[in-house]
Q: 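Sharing a structure, written as structure tokens. Questions coming.
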Amino acid sequence: MSRLSEKVAIVTGASKGIGAGIATAFGAAGARVAVNYSSDRQGAERVAQVITNNGGKAIAVGPTYPRPQMLRGYSKKCIPRSEDSMFWSTTPGYSASEPSRKSPKKAFTFTTTSTFSGRFSPCRKRSSDSGPKAEHHQPQFYCGLASRGGALLYASTKGATETLTKGLALELAPRKIRVNAIAPGHTETEGNVAAGTFEGGAGAVLAGKTPLGRLGRVTDIAPLAVFLASDESAWITGEVIRAAGGLVVAT
């Protein structure tokens, strides 16, 4: 039996990057996957197709984010049987790479909505909806490691996500709901490449600062998400797990 068989995974921000990698890994582990997207429908459909081509089950759903009022409808599409076990993995993020004093109101609103509110709202919704099978609803977050110049706003939402992880874990533990977060180091994703994060030798510098000597890959993060979603991690909650090649202990 596959590690996540008879489970449903709803992965927000899954049209590309770490979210796409996690969704694909969930599908390979036997889960039925809802590949959620904000604006990139084609990307989400490609990820869902990869999962089905490999023998899994997946659908692309959206755009629901950042509109939590639409969650009920697509939850029903994703969870056809009331006895199914279900977990959330929330991975979207947006960074306004400007000093905090210059961040316009629109960037502030979108950054906080995408990287924090977008994580809180689904968990609040599913926790309130869950009945006798509440112990199977396992929110899972992805958050960054540390701040950098020009990204104070983005980094602050990650700090809020860590606090949210710990607070929800305490609040929901009596209902047997586990909440954990993954904090990746510098990871090679489409978003980072498009933003020019690793250009001009910056990638080599970041890799050099990492004890294991390289940048992270999506395939370094996705197996950890599968572990946290599986019964193998039944004794783990309220944790922020660093997957950063030793960067935390080196700084």
Q: Applying side chain to side chain donor-acceptor pair (under 3.5 Å), can you list everything that pairs with Glu45, at least two apart in sequence or on another chain?
A: Arg41
Q: Return the set of residues passing salt bridge (Lys or Arg N to Asp or Glu O under 4.0 Å) with Arg217 (not counting sequence neighbours), or none when no residue passes.
A: none
Q: If you measure from OG1 on Thr237 to NZ on Lys176, what distance do you get to the nearest 0.5 Å?
A: 11.0 Å
Q: Are Leu224 and Ile236 connected into the same hydrophobic cluster when the rule is that any two of I, L, V, M, F, W, Y join if their side-chain heavy atoms are below 4.5 Å apart?
A: yes
Q: Could you see if Leu206 belongs to whatever hydrophobic cluster contains Ile221? Use Ile, Leu, Val, Met, Phe, Trp, Tyr and a side-chain cutoff under 4.5 Å.
A: no
Q: Is there a side chain to side chain contact (heavy atoms under 4.5 Å, CB included) between Thr210 and Leu215 once you walk through the steps?
A: CA-CA 8 Å; Thr210 304; Leu215 298 173; 5.8 Å; no
Q: Can you see which heavy atom on Phe198 is nearest to which on Thr187, and at what distance?
A: CZ-O, 3.5 Å
Q: Got a sec, which residues hit salt bridge (Lys or Arg N to Asp or Glu O under 4.0 Å) with Asp40, two or more places apart in sequence or on another chain?
A: none
Q: Which atom names give the shortest non-hydrogen contact between Ala229 and Phe26, and what distance separates them?
A: CB-CE2, 4.0 Å
Q: Taking Val50 as the starting point, is it possible to reach Ile22 by hopping between hydrophobic residues whose side chains are less than 4.5 Å apart?
A: no
Q: State, to 0.1 Å, how close Ala25 and Val226 come at their nearest heavy-atom pair, and which atoms those are.
A: CB-CG2, 3.6 Å
Q: Sub-3.5 Å donor-acceptor pair from the side chain of Thr197 to the main-chain atoms of Val193, do we have one?
A: no
Q: Identify the two heavy atoms, one from Ser15 and one from Tyr37, that lie closest to each other, and give their separation to 0.1 Å.
A: CB-CB, 4.1 Å
Q: Carefully, step by step, assess Asp231 and Lys7 under the rule salt bridge (Lys or Arg N to Asp or Glu O under 4.0 Å).
A: CA-CA 11 Å; Asp231 294 336; Lys7 294 188 177 184; 3.1 Å; yes
Q: With a 4.5 Å cut-off on side-chain heavy atoms, are Ile10 and Val61 touching?
A: no
Q: Report the distance from atom CD of Glu239 to atom NZ of Lys166, rounding to the nearest 0.5 Å.
A: 8.5 Å
Q: Taking all non-hydrogen atoms of both residues into account, name the closest pair between Gly30 and Ser2 and its distance.
A: CA-CB, 3.9 Å
Q: Not counting sequence neighbours, which residues clear salt bridge (Lys or Arg N to Asp or Glu O under 4.0 Å) with Glu190? List them please.
A: none
Q: Under the criterion side chain to side chain contact (heavy atoms under 4.5 Å, CB included), I'd like the reasoning laid out for Leu228 against Ile182: C-alpha separation, chi angles, the key distance, then a yes or no.
A: CA-CA 9 Å; Leu228 289 174; Ile182 300 171; 3.7 Å; yes
Q: CG of Leu168 to CG of Asn180: how many Å apart, nearest 0.5 Å?
A: 11.0 Å
Q: Is it true that Arg214 and Asp220 have a side-chain N and a carboxylate O under 4.0 angstrom from each other?
A: yes
Q: Partners of Arg46 by salt bridge (Lys or Arg N to Asp or Glu O under 4.0 Å), sequence neighbours excluded?
A: none
Q: Please check: side-chain N/O of Thr52 versus main-chain N/O of Ala58, any donor-acceptor pairing under 3.5 Å?
A: no
Q: Under a 3.5 Å distance rule, please check whether Arg242 uses its side chain to pair with a backbone N or O of Gly185 as donor and acceptor.
A: no
Q: Quick one: side chain to side chain donor-acceptor pair (under 3.5 Å) partners of Glu232, sequence neighbours excluded?
A: Arg3
Q: On a heavy-atom basis, which atom in Glu188 and which in Val218 lie closest, and how many Å separate them?
A: O-CG2, 4.0 Å
Q: Evaluate Val11 against Val33 for side chain to side chain contact (heavy atoms under 4.5 Å, CB included), listing each step before the verdict.
A: CA-CA 7 Å; Val11 187; Val33 185; 4.2 Å; yes
Q: Take Val47 and Gln42, measure what side chain to side chain contact (heavy atoms under 4.5 Å, CB included) needs, and give me the verdict at the end.
A: CA-CA 9 Å; Val47 172; Gln42 290 184 336; over 6 Å; no
